[in-house]
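Just so we're clear, the structure is a prediction, and the values are computed from it rather than from any experiment. Here is how names work: the chains are called A, B, and so on, in the same order as the sequence lines, proteins then strands, and each is numbered from 1.
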Number of protein chains: 2
Amino acid sequence: MAGLFRISEAVSIAFHGMGLLAVRGARMSGHEIANAICVSEAHLLKVFQRLARAGLVHSTRGPGGGFEITEDPRAVTLFRVYEAIEGTAECGVCLLGTTTCPFGRCIFGGETERMEKEFLDYLHRVTLADLSAKDEGGTNA
Amino acid sequence: MAGLFRISEAVSIAFHGMGLLAVRGARMSGHEIANAICVSEAHLLKVFQRLARAGLVHSTRGPGGGFEITEDPRAVTLFRVYEAIEGTAECGVCLLGTTTCPFGRCIFGGETERMEKEFLDYLHRVTLADLSAKDEGGTNA
DNA sequence: CATATTCAGGAATTATGGTACCTTTATTCC
DNA sequence: GGAATAAAGGTACCATAATTCCTGAATATG
Ligand code: FES
Ligand code: FES
(Lines give C-alpha, C1' and ligand atoms only; values in the text may rest on other atoms or scores of the structure.)
(Ligands and ions follow the chains in the order given, each with its own letter.)
Protein backbone atom coordinates (compact mmCIF):
# COMPACT_ATOMS: atom_id res chain seq x y z
CA MET A 1 0.00 0.00 0.00
CA ALA A 2 3.05 2.17 0.22
CA GLY A 3 4.05 3.94 -2.98
CA LEU A 4 7.60 5.15 -2.97
CA PHE A 5 6.84 8.53 -4.49
CA ARG A 6 5.34 11.31 -2.47
CA ILE A 7 2.10 11.49 -4.44
CA SER A 8 -0.86 12.46 -2.29
CA GLU A 9 -4.39 11.60 -3.27
CA ALA A 10 -4.84 15.29 -4.04
CA VAL A 11 -2.15 15.19 -6.72
CA SER A 12 -3.53 11.99 -8.13
CA ILE A 13 -6.93 13.63 -8.41
CA ALA A 14 -5.37 16.64 -10.09
CA PHE A 15 -3.56 14.48 -12.66
CA HIS A 16 -6.58 12.39 -13.45
CA GLY A 17 -8.97 15.32 -13.51
CA MET A 18 -6.76 17.45 -15.71
CA GLY A 19 -6.10 14.51 -17.97
CA LEU A 20 -9.80 13.92 -18.34
CA LEU A 21 -10.45 17.58 -19.13
CA ALA A 22 -7.73 17.48 -21.75
CA VAL A 23 -9.25 14.43 -23.41
CA ARG A 24 -12.77 15.82 -23.40
CA GLY A 25 -11.71 19.27 -24.44
CA ALA A 26 -14.86 20.74 -22.98
CA ARG A 27 -16.04 22.27 -19.74
CA MET A 28 -17.09 19.77 -17.09
CA SER A 29 -18.62 20.24 -13.68
CA GLY A 30 -16.86 19.01 -10.58
CA HIS A 31 -19.66 16.55 -10.09
CA GLU A 32 -19.12 15.06 -13.54
CA ILE A 33 -15.37 14.83 -13.16
CA ALA A 34 -15.58 13.25 -9.73
CA ASN A 35 -18.01 10.64 -10.98
CA ALA A 36 -15.91 9.90 -14.02
CA ILE A 37 -12.79 9.20 -12.02
CA CYS A 38 -14.59 7.65 -9.06
CA VAL A 39 -13.33 9.94 -6.39
CA SER A 40 -14.73 12.00 -3.53
CA GLU A 41 -16.51 15.01 -5.01
CA ALA A 42 -15.66 17.14 -1.97
CA HIS A 43 -12.01 16.44 -2.33
CA LEU A 44 -11.97 16.97 -6.06
CA LEU A 45 -13.65 20.32 -5.64
CA LYS A 46 -11.03 21.41 -3.20
CA VAL A 47 -8.26 20.27 -5.49
CA PHE A 48 -9.73 22.13 -8.44
CA GLN A 49 -10.10 25.18 -6.28
CA ARG A 50 -6.34 25.25 -6.02
CA LEU A 51 -5.89 24.55 -9.70
CA ALA A 52 -8.19 27.47 -10.42
CA ARG A 53 -6.26 29.76 -8.12
CA ALA A 54 -3.07 28.69 -9.85
CA GLY A 55 -4.68 29.67 -13.13
CA LEU A 56 -4.52 26.20 -14.67
CA VAL A 57 -8.26 25.96 -15.03
CA HIS A 58 -10.98 28.55 -15.34
CA SER A 59 -14.02 28.00 -13.18
CA THR A 60 -17.55 29.11 -13.95
CA ARG A 61 -20.28 29.16 -11.38
CA GLY A 62 -23.96 28.61 -11.80
CA PRO A 63 -25.89 26.11 -13.86
CA GLY A 64 -23.94 24.82 -16.81
CA GLY A 65 -20.77 25.98 -15.12
CA GLY A 66 -17.73 23.94 -14.27
CA PHE A 67 -14.04 23.81 -15.03
CA GLU A 68 -12.13 24.15 -18.26
CA ILE A 69 -8.44 24.16 -19.04
CA THR A 70 -7.19 27.65 -19.68
CA GLU A 71 -4.20 26.83 -21.85
CA ASP A 72 -3.34 24.49 -24.65
CA PRO A 73 -2.91 21.07 -23.03
CA ARG A 74 0.34 20.74 -24.91
CA ALA A 75 1.70 23.64 -22.87
CA VAL A 76 0.75 22.31 -19.45
CA THR A 77 3.27 19.97 -17.87
CA LEU A 78 2.47 17.59 -15.06
CA PHE A 79 5.01 19.48 -13.02
CA ARG A 80 2.90 22.61 -13.07
CA VAL A 81 -0.08 20.61 -11.90
CA TYR A 82 1.97 18.98 -9.16
CA GLU A 83 3.33 22.32 -8.06
CA ALA A 84 -0.12 23.89 -7.94
CA ILE A 85 -1.20 21.28 -5.41
CA GLU A 86 1.89 20.49 -3.36
CA GLY A 87 3.80 23.73 -3.61
CA THR A 88 7.28 23.86 -5.05
CA ALA A 89 8.96 20.48 -5.29
CA GLU A 90 12.64 20.80 -4.66
CA CYS A 91 14.73 17.70 -4.94
CA GLY A 92 17.15 18.28 -2.16
CA VAL A 93 20.67 17.04 -1.98
CA CYS A 94 19.77 14.32 0.48
CA LEU A 95 16.72 12.45 1.59
CA LEU A 96 17.10 14.04 4.99
CA GLY A 97 17.27 17.78 5.19
CA THR A 98 20.62 19.43 4.83
CA THR A 99 21.13 19.36 8.56
CA THR A 100 24.52 18.33 9.74
CA CYS A 101 25.26 14.78 8.75
CA PRO A 102 27.50 12.37 10.66
CA PHE A 103 29.13 11.45 7.38
CA GLY A 104 31.41 13.72 5.49
CA ARG A 105 29.22 13.64 2.46
CA CYS A 106 25.78 12.28 1.77
CA ILE A 107 25.82 8.54 2.29
CA PHE A 108 23.70 8.05 -0.78
CA GLY A 109 26.38 9.55 -2.95
CA GLY A 110 24.07 11.43 -5.27
CA GLU A 111 22.30 8.31 -6.47
CA THR A 112 19.01 9.25 -4.86
CA GLU A 113 19.37 12.77 -6.09
CA ARG A 114 19.75 11.47 -9.62
CA MET A 115 16.62 9.38 -9.29
CA GLU A 116 14.67 12.29 -7.91
CA LYS A 117 15.82 14.40 -10.81
CA GLU A 118 14.74 11.68 -13.18
CA PHE A 119 11.24 11.76 -11.79
CA LEU A 120 11.22 15.54 -11.83
CA ASP A 121 12.33 15.54 -15.46
CA TYR A 122 9.52 13.18 -16.26
CA LEU A 123 7.01 15.55 -14.70
CA HIS A 124 8.53 18.42 -16.64
CA ARG A 125 8.50 16.54 -19.90
CA VAL A 126 5.02 15.06 -19.96
CA THR A 127 2.12 17.34 -20.76
CA LEU A 128 -1.62 16.91 -20.46
CA ALA A 129 -1.74 16.42 -24.21
CA ASP A 130 0.60 13.45 -23.84
CA LEU A 131 -1.78 11.88 -21.38
CA SER A 132 -4.71 12.06 -23.73
CA ALA A 133 -2.54 10.96 -26.65
CA LYS A 134 -1.95 7.72 -24.75
CA ASP A 135 -5.61 7.05 -24.97
CA GLU A 136 -5.62 7.06 -28.75
CA GLY A 137 -3.10 4.31 -29.03
CA GLY A 138 -0.33 6.82 -29.61
CA THR A 139 3.17 6.76 -28.28
CA ASN A 140 4.62 8.98 -25.65
CA ALA A 141 7.93 10.58 -24.76
CA MET B 1 11.25 21.46 1.07
CA ALA B 2 9.40 18.72 -0.67
CA GLY B 3 11.39 15.62 -1.47
CA LEU B 4 9.82 13.50 -4.16
CA PHE B 5 10.36 10.21 -2.40
CA ARG B 6 8.16 9.13 0.43
CA ILE B 7 10.93 9.04 3.00
CA SER B 8 9.73 9.92 6.46
CA GLU B 9 12.05 11.41 9.02
CA ALA B 10 11.86 8.09 10.84
CA VAL B 11 13.40 6.25 7.90
CA SER B 12 16.03 8.91 7.51
CA ILE B 13 16.95 8.50 11.15
CA ALA B 14 17.11 4.74 10.69
CA PHE B 15 19.43 5.03 7.68
CA HIS B 16 21.75 7.50 9.32
CA GLY B 17 21.78 5.71 12.66
CA MET B 18 22.45 2.32 11.16
CA GLY B 19 25.07 3.78 8.90
CA LEU B 20 26.78 5.32 11.86
CA LEU B 21 26.70 2.08 13.80
CA ALA B 22 28.19 0.28 10.82
CA VAL B 23 31.03 2.77 10.57
CA ARG B 24 31.84 2.71 14.26
CA GLY B 25 31.48 -1.02 14.56
CA ALA B 26 30.78 -0.71 18.25
CA ARG B 27 27.84 -0.40 20.59
CA MET B 28 26.49 3.10 21.01
CA SER B 29 23.79 4.48 23.26
CA GLY B 30 20.74 6.15 21.81
CA HIS B 31 21.89 9.38 23.34
CA GLU B 32 25.23 9.19 21.54
CA ILE B 33 23.70 8.32 18.20
CA ALA B 34 21.12 11.07 18.40
CA ASN B 35 23.77 13.62 19.24
CA ALA B 36 26.03 12.44 16.45
CA ILE B 37 23.39 12.79 13.79
CA CYS B 38 21.75 15.86 15.32
CA VAL B 39 18.29 14.48 15.67
CA SER B 40 15.61 14.26 18.33
CA GLU B 41 16.68 11.67 20.88
CA ALA B 42 13.06 10.72 21.61
CA HIS B 43 12.38 10.02 18.00
CA LEU B 44 15.58 8.10 17.49
CA LEU B 45 14.84 5.90 20.47
CA LYS B 46 11.44 5.12 19.05
CA VAL B 47 12.92 4.28 15.68
CA PHE B 48 15.56 2.02 17.18
CA GLN B 49 12.89 0.31 19.21
CA ARG B 50 11.38 -0.84 15.95
CA LEU B 51 14.76 -1.81 14.54
CA ALA B 52 15.35 -3.87 17.66
CA ARG B 53 12.01 -5.60 17.35
CA ALA B 54 12.83 -6.36 13.73
CA GLY B 55 16.05 -7.95 14.91
CA LEU B 56 18.33 -5.58 13.01
CA VAL B 57 19.97 -4.31 16.18
CA HIS B 58 20.47 -5.79 19.60
CA SER B 59 19.71 -3.53 22.52
CA THR B 60 21.29 -3.67 25.94
CA ARG B 61 19.90 -1.84 28.93
CA GLY B 62 21.68 -0.39 31.86
CA PRO B 63 24.92 1.56 32.16
CA GLY B 64 27.20 1.02 29.21
CA GLY B 65 24.28 -0.34 27.26
CA GLY B 66 23.02 0.79 23.89
CA PHE B 67 22.50 -0.57 20.41
CA GLU B 68 24.68 -2.70 18.18
CA ILE B 69 24.13 -4.21 14.77
CA THR B 70 23.32 -7.91 14.98
CA GLU B 71 24.51 -8.99 11.56
CA ASP B 72 27.39 -8.33 9.25
CA PRO B 73 26.75 -4.88 7.76
CA ARG B 74 27.43 -6.37 4.34
CA ALA B 75 24.34 -8.52 4.77
CA VAL B 76 21.94 -5.76 5.75
CA THR B 77 20.32 -3.94 2.86
CA LEU B 78 18.72 -0.54 3.13
CA PHE B 79 15.50 -2.18 2.08
CA ARG B 80 15.39 -4.25 5.24
CA VAL B 81 15.88 -1.11 7.28
CA TYR B 82 13.19 0.70 5.33
CA GLU B 83 10.81 -2.20 5.72
CA ALA B 84 11.41 -2.40 9.47
CA ILE B 85 10.19 1.17 9.84
CA GLU B 86 7.56 1.66 7.17
CA GLY B 87 6.27 -1.85 6.75
CA THR B 88 6.31 -3.56 3.38
CA ALA B 89 6.89 -1.18 0.49
CA GLU B 90 4.90 -2.21 -2.52
CA CYS B 91 5.35 -0.31 -5.71
CA GLY B 92 1.89 -0.41 -7.15
CA VAL B 93 0.93 -0.29 -10.77
CA CYS B 94 -0.17 3.32 -10.62
CA LEU B 95 0.39 6.30 -8.44
CA LEU B 96 -3.28 6.23 -7.54
CA GLY B 97 -4.72 3.04 -6.18
CA THR B 98 -6.04 0.50 -8.60
CA THR B 99 -9.50 1.98 -8.45
CA THR B 100 -11.33 2.40 -11.70
CA CYS B 101 -9.51 4.83 -13.94
CA PRO B 102 -11.16 7.08 -16.51
CA PHE B 103 -8.49 6.11 -19.00
CA GLY B 104 -8.27 2.76 -20.61
CA ARG B 105 -4.87 2.13 -19.17
CA CYS B 106 -2.68 3.93 -16.67
CA ILE B 107 -1.94 7.37 -18.03
CA PHE B 108 1.63 7.07 -16.84
CA GLY B 109 2.21 4.09 -19.06
CA GLY B 110 4.49 2.21 -16.72
CA GLU B 111 7.11 4.93 -16.60
CA THR B 112 6.49 5.73 -12.97
CA GLU B 113 6.37 2.08 -12.11
CA ARG B 114 9.77 1.64 -13.69
CA MET B 115 11.20 4.51 -11.66
CA GLU B 116 9.74 3.16 -8.46
CA LYS B 117 11.28 -0.21 -9.22
CA GLU B 118 14.59 1.51 -9.84
CA PHE B 119 14.51 3.06 -6.40
CA LEU B 120 13.43 -0.20 -4.85
CA ASP B 121 16.31 -1.99 -6.57
CA TYR B 122 18.66 0.59 -5.19
CA LEU B 123 17.42 -0.06 -1.66
CA HIS B 124 17.83 -3.79 -2.23
CA ARG B 125 21.31 -3.41 -3.63
CA VAL B 126 22.97 -1.04 -1.17
CA THR B 127 24.04 -2.40 2.20
CA LEU B 128 25.14 -0.71 5.39
CA ALA B 129 28.70 -1.68 4.54
CA ASP B 130 28.40 0.27 1.30
CA LEU B 131 27.42 3.35 3.23
CA SER B 132 30.50 3.23 5.43
CA ALA B 133 32.74 2.37 2.49
CA LYS B 134 31.70 5.64 0.90
CA ASP B 135 33.15 7.37 3.90
CA GLU B 136 36.69 6.12 3.44
CA GLY B 137 38.88 8.93 2.28
CA GLY B 138 36.34 11.53 3.31
CA THR B 139 36.05 13.61 6.39
CA ASN B 140 34.03 12.29 9.23
CA ALA B 141 32.59 13.61 12.46
C1' DC C 1 21.33 -3.30 48.49
C1' DA C 2 21.05 1.43 46.78
C1' DT C 3 21.61 4.01 42.86
C1' DA C 4 22.49 5.61 38.44
C1' DT C 5 22.06 4.54 33.49
C1' DT C 6 19.79 3.01 29.67
C1' DC C 7 16.09 0.98 26.74
C1' DA C 8 10.73 -0.48 26.41
C1' DG C 9 6.15 0.64 26.00
C1' DG C 10 2.37 3.17 25.85
C1' DA C 11 -0.14 7.82 26.46
C1' DA C 12 -0.55 12.41 25.07
C1' DT C 13 0.28 15.79 21.72
C1' DT C 14 0.87 17.78 17.35
C1' DA C 15 0.67 18.00 12.26
C1' DT C 16 -1.30 16.66 8.02
C1' DG C 17 -4.62 15.51 4.84
C1' DG C 18 -9.41 14.71 3.83
C1' DT C 19 -14.54 15.60 4.68
C1' DA C 20 -18.85 18.06 5.56
C1' DC C 21 -21.32 21.94 5.45
C1' DC C 22 -22.69 26.41 4.62
C1' DT C 23 -22.11 30.73 1.42
C1' DT C 24 -21.82 33.12 -2.84
C1' DT C 25 -22.55 33.50 -7.78
C1' DA C 26 -24.93 32.75 -11.90
C1' DT C 27 -28.48 30.89 -14.77
C1' DT C 28 -33.23 29.63 -15.91
C1' DC C 29 -37.96 29.79 -15.73
C1' DC C 30 -41.98 31.63 -14.30
C1' DG D 1 -37.91 41.16 -11.97
C1' DG D 2 -37.93 37.40 -8.50
C1' DA D 3 -37.77 32.69 -6.99
C1' DA D 4 -35.67 28.39 -7.62
C1' DT D 5 -31.81 25.74 -8.90
C1' DA D 6 -27.10 24.53 -10.16
C1' DA D 7 -22.55 25.03 -9.41
C1' DA D 8 -18.02 26.61 -7.37
C1' DG D 9 -15.88 29.15 -3.08
C1' DG D 10 -14.69 29.01 1.59
C1' DT D 11 -14.45 27.57 6.35
C1' DA D 12 -14.69 24.55 10.12
C1' DC D 13 -14.50 19.94 11.47
C1' DC D 14 -12.64 15.17 11.78
C1' DA D 15 -9.43 11.09 11.12
C1' DT D 16 -5.15 9.42 10.80
C1' DA D 17 -0.30 9.45 11.10
C1' DA D 18 3.83 11.28 13.03
C1' DT D 19 6.37 12.93 17.07
C1' DT D 20 7.22 13.80 21.90
C1' DC D 21 6.63 12.82 26.73
C1' DC D 22 6.28 9.96 30.80
C1' DT D 23 6.58 6.07 33.51
C1' DG D 24 8.41 1.49 34.23
C1' DA D 25 11.76 -2.36 33.77
C1' DA D 26 16.41 -4.17 33.23
C1' DT D 27 21.31 -4.03 34.23
C1' DA D 28 25.74 -2.62 35.82
C1' DT D 29 28.43 -0.53 39.68
C1' DG D 30 30.00 0.54 44.25
S1 FES E 1 22.53 14.09 4.48
FE2 FES E 1 23.10 12.45 5.68
S3 FES E 1 23.43 11.01 4.16
FE4 FES E 1 22.68 12.55 2.95
S1 FES F 1 -4.60 4.42 -12.48
FE2 FES F 1 -5.33 6.16 -13.46
S3 FES F 1 -3.57 6.70 -14.52
FE4 FES F 1 -2.78 5.08 -13.48
Novice: Nearest whole angstrom, please: distance from the P of D:dG10 to the CZ of A:Phe48.
Specialist: 16 Å

Novice: Closer than 4.0 Å, any side-chain N/O of B:Gln49 to the OP1 or OP2 of C:dC7?
Specialist: no

Novice: A:His58 has an atom NE2; how far is it from atom C1' of D:dG9, in whole Å?
Specialist: 14 Å

Novice: Rounding to a whole Å, what distance do you find between A:Leu45:CG and C:dT23:P?
Specialist: 17 Å

Novice: If the plane angle is over 60° it's perpendicular, under 30° parallel, otherwise tilted; pick one for B:Phe15 and B:Tyr82.
Specialist: tilted

Novice: Go through it in stages, so that I can follow the logic: the residues are B:Glu116 and B:Arg6, the test is salt bridge (charged side-chain N to carboxylate O under 4.0 Å, His left out), and I'd like the CA-CA distance, side-chain angles, deciding distance and then a yes or no.
Specialist: CA-CA 11 Å; B:Glu116 277 191 322; B:Arg6 191 183 297 276; over 6 Å; no

Novice: Whole Å only: how far is the CD atom of A:Glu41 from the P atom of D:dG9?
Specialist: 13 Å

Novice: What is the separation between atom CZ on A:Arg27 and atom C1' on C:dA26, rounded to the nearest whole Å?
Specialist: 11 Å

Novice: Taking atom types as modelled and ignoring hydrogens, do the side chains of A:Glu68 and A:His58 form a donor-acceptor contact shorter than 3.5 angstrom?
Specialist: no

Novice: Can you measure A:Arg53 atom CZ to D:dG9 atom C1' for me and round it to whole angstrom units?
Specialist: 8 Å

Novice: Any ion pair linking B:Arg125 and A:Glu111 (charged N to carboxylate O, less than 4.0 Å)?
Specialist: no

Novice: Decide, yes or no, whether a salt bridge links B:Glu32 with B:Arg24 under the criterion of side-chain N to carboxylate O below 4.0 Å.
Specialist: no

Novice: Verify side chain to side chain contact (heavy atoms under 4.5 Å, CB included) between B:Phe67 and B:Leu56, making sure each step is shown before the conclusion.
Specialist: CA-CA 10 Å; B:Phe67 300 95; B:Leu56 291 175; over 6 Å; no

Novice: Round to the nearest Å and state the distance from B:Leu44 atom CG to C:dT6 atom P.
Specialist: 14 Å

Novice: Provide, to the nearest angstrom, the distance between the CD atom belonging to B:Glu68 and the P atom belonging to C:dT6.
Specialist: 14 Å

Novice: Categorize A:Phe67 for me: base, sugar-phosphate, or nothing, with a 4.0 angstrom heavy-atom threshold over every strand shown.
Specialist: sugar-phosphate

Novice: How does protein contact run along nucleotides 18-28 of chain D, one letter per nucleotide 5' to 3', with B for base contact, S for sugar-phosphate only, - for none, heavy atoms under 4.0 Å?
Specialist: -SB---BBSBS

